[in-house]
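This report refers to the structure that appears directly beneath it.
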Amino acid sequence: MITQQGFDIDSLLRFTPPGYLCERCHALLVDVGHVVCPVCGVQYIATEKYPMPGAYLRSKGLDIHFNDLIEHSQQLARIARKTRESVMSPYGTYPPIRALFEALQNAQKFVHFTTYGISVLILGALKLTAQSVDVRGIVSGIKHDMVLREITEYREEAPRMKIQLFPNDSPYFPHQKIVVIDGLLAFKGSANLTDFAWRKAAQGREVIEPVTDVNEVIELHNRYFSPVWAVTQNVERIVMI
C-alpha cells in the first residue's frame, strides 16, 4: 500500500515570504516594522502622510503581493522539482534552460539576477518577461558588441527591464550568478546567463541548483544582488516618506 507523505499545517506559520522591496537596494524585506533597511542602511523617516514605511513602499509599487500566494508558490516549486528530478535521472527530459524559461513565464512580480556574461537568447527571454513584470539585472563580463548593443540601444523594447553594467576592467565587477523569481524561487550555481552555459548544465558540465527554501532565497538575494544594486542607485541614505 502506498502512503502519502503527511503535511503539517504548522509549517505554514514558518512560511514568511518577503513582503516589500527596499527603495534603494531592492532588498527583500519580510516586514518593515523597522525604519532602517538591514542591507543598505537606508533610513525611512516617518511623515504625517506615511507614518509607516510599508504604506510608503506600497505607494511606490514596492510591495510584494500575490492574488494566490500558495498556488503561485506551488507552481514555482513544481518547476524546481522537475529540474531536480531531471538532473538526478540519466534520461532527464527537463533541461535547466527550460526550467528558467518556464520560471520567467510564471513570474508575477519581479525577476532579479546577477551574471558574468549574458547571451542574446537569454536577453530576449528577459525582455519578454519584462513586458509584464519588473526585471532588474547586474551584468559584467560583456565580450560581444552585439550583446552590448542589445542592452544599451534597444531599451525602449522593454522599459521595465533595468540592467546595470560593470565594465570588464573594473576591479570590483561582480562574478556571482543567481536568478531570483518573486522572492520565492532562485537558481544559483556556476553557469553564466548564456544558453551555452545553461545547456552545458544539462550535461553535468555546469552547476545550476534551484532553491525553494524561502529563507535561503532571501539570504542569497540580499547577499549577492542587493548590495551591488545599491551602489548603482542615487536614492539618498535618508528618505523622508
Side-chain angles (χ1 to χ4, degrees), residues 14-66 69 107-116 118 126 130 133-141 151 159-189 193 211-241:
R14 300 189 297 274
F15 181 36
T16 52
Y20 301 90
L21 296 167
C22 171
E23 184 177 19
R24 180 169 184 260
C25 69
H26 284 82
L28 298 176
L29 307 174
V30 173
D31 65 71
V32 285
H34 46 72
V35 295
V36 178
C37 173
V39 176
C40 70
V42 66
Q43 298 181 36
Y44 296 95
I45 306 301
T47 62
E48 184 176 346
K49 184 176 182 180
Y50 297 112
M52 295 297 292
Y56 171 76
L57 293 174
R58 280 194 297 274
S59 75
K60 295 289 186 176
L62 295 172
D63 60 317
I64 306 172
H65 173 76
F66 304 99
L69 173 60
Q108 293 186 9
K109 283 295 181 178
F110 66 87
V111 175
H112 291 170
F113 68 89
T114 70
T115 181
Y116 181 85
I118 195 167
L126 290 167
V133 303
D134 292 325
V135 176
R136 303 179 183 94
I138 298 162
V139 179
S140 60
I151 293 174
R160 297 183 70 173
M161 184 168 75
K162 311 295 183 185
I163 291 182
Q164 301 296 336
L165 291 170
F166 279 76
N168 298 338
D169 58 356
S170 169
Y172 305 108
F173 68 78
H175 200 265
Q176 57 265 46
K177 298 101 176 182
I178 60 167
V179 181
V180 176
I181 313 291
D182 291 340
L184 301 171
L185 170 67
F187 294 98
K188 67 176 183 178
L193 264 182
V211 179
T212 50
D213 183 313
V214 173
N215 288 337
E216 184 179 354
V217 172
I218 293 172
E219 196 273 336
L220 285 169
H221 178 281
N222 290 357
R223 175 183 292 186
Y224 295 116
F225 174 85
S226 293
V228 183
W229 187 262
V231 302
T232 68
Q233 305 304 299
N234 295 320
V235 179
E236 297 293 334
R237 286 280 186 163
I238 298 178
V239 178
M240 300 296 295
I241 63 176

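It should be emphasised that the depicted structure is a prediction, and the values quoted were computed from it without experimental measurement.
Of all the heavy atoms in Ile64 and Pro18, the pair that sits closest is CB-O, 3.8 Å. In this structure, Gly41 and Val36 approach most closely via the heavy-atom pair O-CG1, 3.7 Å. Heavy atoms only, all atoms of each residue included: Lys109 and Val133 are closest at O-CB, 3.6 Å. Nearest approach of Pro38 to Leu29, heavy atoms of both residues: CD-CD2, 3.7 Å. The two residues Val39 and Ser226 make their nearest non-hydrogen contact at CG1-CB, 3.8 Å.
Residue Leu62 holds its CG atom at 8.5 Å from SG of Cys22, rounded to the nearest 0.5 Å. With values rounded to the nearest 0.5 angstrom, Cys37 atom SG is found 7.5 Å from Asn222 atom CG. Of the inter-residue distances, the one linking His65 atom NE2 with Gln108 atom CD reads 10.0 Å to the nearest 0.5 angstrom. Put simply, CG on Leu57 and CE on Met52 are 10.5 Å apart, with the number rounded to the nearest 0.5 Å. With values rounded to the nearest 0.5 angstrom, Ile163 atom CD1 is found 10.5 Å from Ile138 atom CD1. Rounding to the nearest 0.5 angstrom, the gap separating the CZ atom in Phe187 from the CG atom in Leu193 is 10.5 Å.
His221 and Phe225 have tilted rings, their planes meeting at an angle from 30° to 60° on a 0 to 90° scale. Taking the six-membered ring where the residue is Trp, His112 and Trp229 present parallel rings, their angle staying beneath 30° rather than reaching 60°.
At least one side-chain heavy atom of Thr212 sits under 4.5 Å from a side-chain heavy atom of Leu185. For the pair Leu220/Val180, no side-chain contact is recorded, criterion being any heavy-atom separation below 4.5 Å from C-beta on. For the pair Leu184 and Val217, the minimum side-chain heavy-atom distance is 4.5 Å or more.
Heavy-atom contacts from other residues, nucleotides or ligands closer than 6.0 Å to CZ of Phe110 number more than 12.
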Determine, stepwise, if the pair Ile118 / Ile151 fulfils side-chain contact (heavy atoms from CB on, under 4.5 Å).
CA-CA 10 Å; Ile118 195 167; Ile151 293 174; 4.3 Å; yes

I would like to know whether Phe113 and Val135 meet side-chain contact (heavy atoms from CB on, under 4.5 Å); could you show each step before the answer?
CA-CA 8 Å; Phe113 68 89; Val135 176; 3.9 Å; yes

So Ile181 and Val179, side-chain contact (heavy atoms from CB on, under 4.5 Å) or not? Walk me through it.
CA-CA 7 Å; Ile181 313 291; Val179 181; 4.0 Å; yes

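With Asp182 contributing its side chain and Ala107 its backbone, the two residues share no donor-acceptor pair below 3.5 Å. A donor-acceptor contact shorter than 3.5 Å is absent between the side chain of Asp134 and the backbone of Met161. Between the side chain of Thr114 and the backbone N or O of Gln176, at least one donor-acceptor pair lies under 3.5 Å. Checked by atom type and distance alone, the side chain of Asp63 never pairs as donor or acceptor with a backbone atom of Tyr20 at under 3.5 Å. Put simply, the side chain of Lys49 never gets that close to the backbone of Ala46: no donor and acceptor are under 3.5 Å apart.
A salt bridge links Lys188 with Glu216: the closest approach of a Lys/Arg side-chain nitrogen to an acidic carboxylate oxygen falls below 4.0 angstrom.
No hydrogens or angles considered: nothing links the side chains of Glu23 and Tyr44 as a donor-acceptor pair under 3.5 Å.
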